[in-house]
Amino acid sequence: MTDLGATIQRDAEGRLRHLITLEGLTREEITAILDLAQFYVRPPGELPARDQSLAGHTVANLFFEPSTRTRVSFEIAAQRLGAEVVNLDMQTSSRVKGETVLDTIYTLQAMHADILVMRDAEPGLPAYVAQHVAPHVCILNAGEAHLSHPTQGLLDALTIRQMKGDLTKVSVLIAGDIAHSRVARSAWQVLSTLGVKEIRIAAPDDYLMPKPREFPGAIRETDIDRAIQGVDVVMALRIQRERMSSAQIPDESAYHDQFGITMERLRKARPDAIVMHPGPMNRDVEIASNVADGSQSVIQRQVANGVAVRMAVLATISRNVQARRQFQ
Ligand code: NCD
């Protein structure tokens, strides 16, 4: 089944107009975004990359779910490309007074905000909004329910590419609450398209495992000690409590014993394996604190890459808007 977002996000010429999902992006399109992101990466301590790709544009951040990394990195990325940026405080926005999301969007559109970055718990909302905005307005999905988090998938792919090179030789384990994770879904989409050698998904029980038809081609495991054997990449995921009823939330310490990524378990992966986590981390639940801070951790690199990837996505989308304008 093709995701509606995969169709909606392209203009009549097939160019990316919005970024709603990684589904349907070709290897070439993904590689072009990662290459541009790599161009924007600077070593720690150096001044960050800047240009004027977004001069004249107004980016609005609309986060209806909590966010630190994603929201701040979109803000920094847009500013470094010369855009004007507004952050809406959704706790005090008119939506809590009953205004529909579309009315909020139309209000921003009337103020000439033309790139809208959205996070929401409702599946399908970014595609729905994308169908209603004016032709020059772009929607970037910054996290949609348990379904999609495209820029996170791209930054994860960039991080693995930097650390491991040829993805066709890399074995990746995604471990934790896969069922409720948009990070896992977007990672699987991008890594499959880039031809990664193997993806293993591991969750401690059926409840945290996705439906059988999801993640085709991935190896499924419920035993973390078996799943981690010989992998090159370990991606740990948080338990998404906000998507569960209180009765379903596992006991944290029992979860850590049964399934947490500990030093002892990490030794079963390849000696040069890297450890990733999208954040926010629950230390000593899904990941031991000493693993998160250890020499194999690339968690801070993921954060740095997040800014570069969002710059690349913003620059790509705005270039496509300009190309469309020239033919209008
Ligand atoms: C993730 C998210 O919001 O989906 N965080 C992020 O964007 N860096 C993962 C999570 O909340 O666990």
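Treat the numbers as computed from the prediction; the structure is a model and nothing was measured.
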Is the shortest distance from a Lys or Arg side-chain nitrogen in [X] or [Y] to a carboxylate oxygen in the other one below 4.0 Å?
X	Y	value
Asp206	Lys211	no
Asp35	Arg161	yes
Asp232	Lys164	no
Lys268	Asp225	yes
Glu29	Arg10	yes
Glu144	Arg119	no
Glu242	Arg238	yes

Taking the side chain as C-beta and beyond, is there a heavy-atom pair between [X] and [Y] under 4.5 Å?
X	Y	result
Val291	Gln296	no
Leu54	Val59	yes
Arg17	Ile317	no
His149	Ser181	no
Ile199	Ser192	yes
Leu47	Arg42	no

Between Arg15 (side chain only) and Arg319 (backbone N and O only), is there a donor and an acceptor less than 3.5 Å apart?
no
Let me have the donor-acceptor pairs involving side chains of residues 303-314, under 3.5 Å, with sequence neighbours excluded, atom names and distances please.
from   : atom 1 : to     : atom 2 : distance (Å)
Asn305 : OD1    : Gln162 : NE2    : 3.2
Asn305 : ND2    : Thr159 : OG1    : 3.0
Asn305 : ND2    : Gln162 : OE1    : 2.9
Asn305 : ND2    : Arg301 : O      : 3.4
Arg310 : NE     : Thr151 : OG1    : 3.1
Arg310 : NH1    : Ser73  : OG     : 2.7
Arg310 : NH2    : Thr151 : OG1    : 3.1

Please test Tyr207 against Gln248 for side chain to side chain donor-acceptor pair (under 3.5 Å), starting from the C-alpha separation and ending with a verdict.
CA-CA 9 Å; Tyr207 176 62; Gln248 294 167 325; 2.7 Å; yes
Distance-minimising heavy-atom pair for [X] and [Y]:
X	Y	value
Thr168	Lys197	O-CB, 3.2 Å
Ala121	Ala145	O-CB, 3.3 Å
Val321	Cys138	CG2-SG, 3.4 Å
Leu81	Ala315	CD1-N, 4.1 Å
Pro250	Met244	CD-SD, 4.4 Å
Met118	Pro126	SD-CA, 4.4 Å

Side chains of [Y] and [X]: any donor to acceptor distance under 3.5 Å?
X	Y	value
Asn61	Glu75	no
Asp114	His57	yes
Arg71	Asn87	yes

If hydrophobic clusters are built by linking Ile, Leu, Val, Met, Phe, Trp and Tyr wherever their side-chain heavy atoms come under 4.5 Å apart, do [X] and [Y] end up in the same one?
X	Y	result
Val129	Leu88	yes
Val231	Leu194	no
Ile20	Ile115	no
Leu191	Val298	yes
Val72	Leu116	no

What distance separates [X] [atom1] from [Y] [atom2], expressed to the nearest 0.5 Å?
X	Y	atom1	atom2	value
Leu108	Thr58	CG	OG1	10.0 Å
Met163	Leu158	CE	CG	11.5 Å
Asp251	Ile249	CG	CD1	11.0 Å
Ile201	Met235	CD1	CE	12.5 Å
Thr21	Asp3	OG1	CG	4.5 Å
Leu16	Ile33	CG	CD1	6.0 Å

Run the side-chain hydrogen bond (donor to acceptor under 3.5 Å, both in side chains) test against Glu198 and tell me which residues pass, sequence neighbours left out.
Ser171, Arg200
Please determine whether side-chain contact (heavy atoms from CB on, under 4.5 Å) holds for the pair Leu208 and His180, giving the CA-CA distance in whole Å, both sets of side-chain angles, and the decisive distance to 0.1 Å.
CA-CA 7 Å; Leu208 298 179; His180 301 101; 4.1 Å; yes
Who pairs with Arg50 by salt bridge (charged side-chain N to carboxylate O under 4.0 Å, His left out), at least two apart in sequence or on another chain?
none
Sequence-distant partners of Glu65, salt bridge (charged side-chain N to carboxylate O under 4.0 Å, His left out), two or more places apart:
Arg182, Arg243
Checking side-chain contact (heavy atoms from CB on, under 4.5 Å) for the pair Arg283/Asp293: CA distance, chi angles, key distance, verdict?
CA-CA 10 Å; Arg283 286 174 179 262; Asp293 300 331; 2.9 Å; yes
Go through His256 and Glu286 one step at a time and tell me if the side chain to side chain donor-acceptor pair (under 3.5 Å) criterion holds.
CA-CA 6 Å; His256 187 66; Glu286 73 274 9; over 6 Å; no
Ring pair (Phe, Tyr, Trp, His ring centres under 6.0 Å) partners of Phe215, counting only residues at least two apart:
Trp188
Just jot down the ring pair (Phe, Tyr, Trp, His ring centres under 6.0 Å) partners of His132, sequence neighbours excluded, or say none.
Tyr128
Please determine whether side-chain contact (heavy atoms from CB on, under 4.5 Å) holds for the pair Val196 and Val233, giving the CA-CA distance in whole Å, both sets of side-chain angles, and the decisive distance to 0.1 Å.
CA-CA 11 Å; Val196 82; Val233 177; over 6 Å; no
More than 12 heavy atoms from other groups under 6.0 Å of CD on Glu46:
yes
Can you confirm whether more than 12 heavy atoms, excluding those of Met263, are under 6.0 Å from its CE atom?
yes
Evaluate side-chain contact (heavy atoms from CB on, under 4.5 Å) for Ile287 paired with Val275, printing each intermediate quantity in order.
CA-CA 10 Å; Ile287 186 167; Val275 177; 3.8 Å; yes
Full working for side chain to side chain donor-acceptor pair (under 3.5 Å) between Gln302 and Asp156
CA-CA 7 Å; Gln302 286 175 272; Asp156 289 337; 2.9 Å; yes
Evaluate the side chain to side chain donor-acceptor pair (under 3.5 Å) criterion for residues Asn282 and Glu252: first the C-alpha distance (whole Å), next the side-chain angles of each, then the deciding distance (0.1 Å), finally the verdict.
CA-CA 9 Å; Asn282 289 143; Glu252 292 191 345; 5.9 Å; no
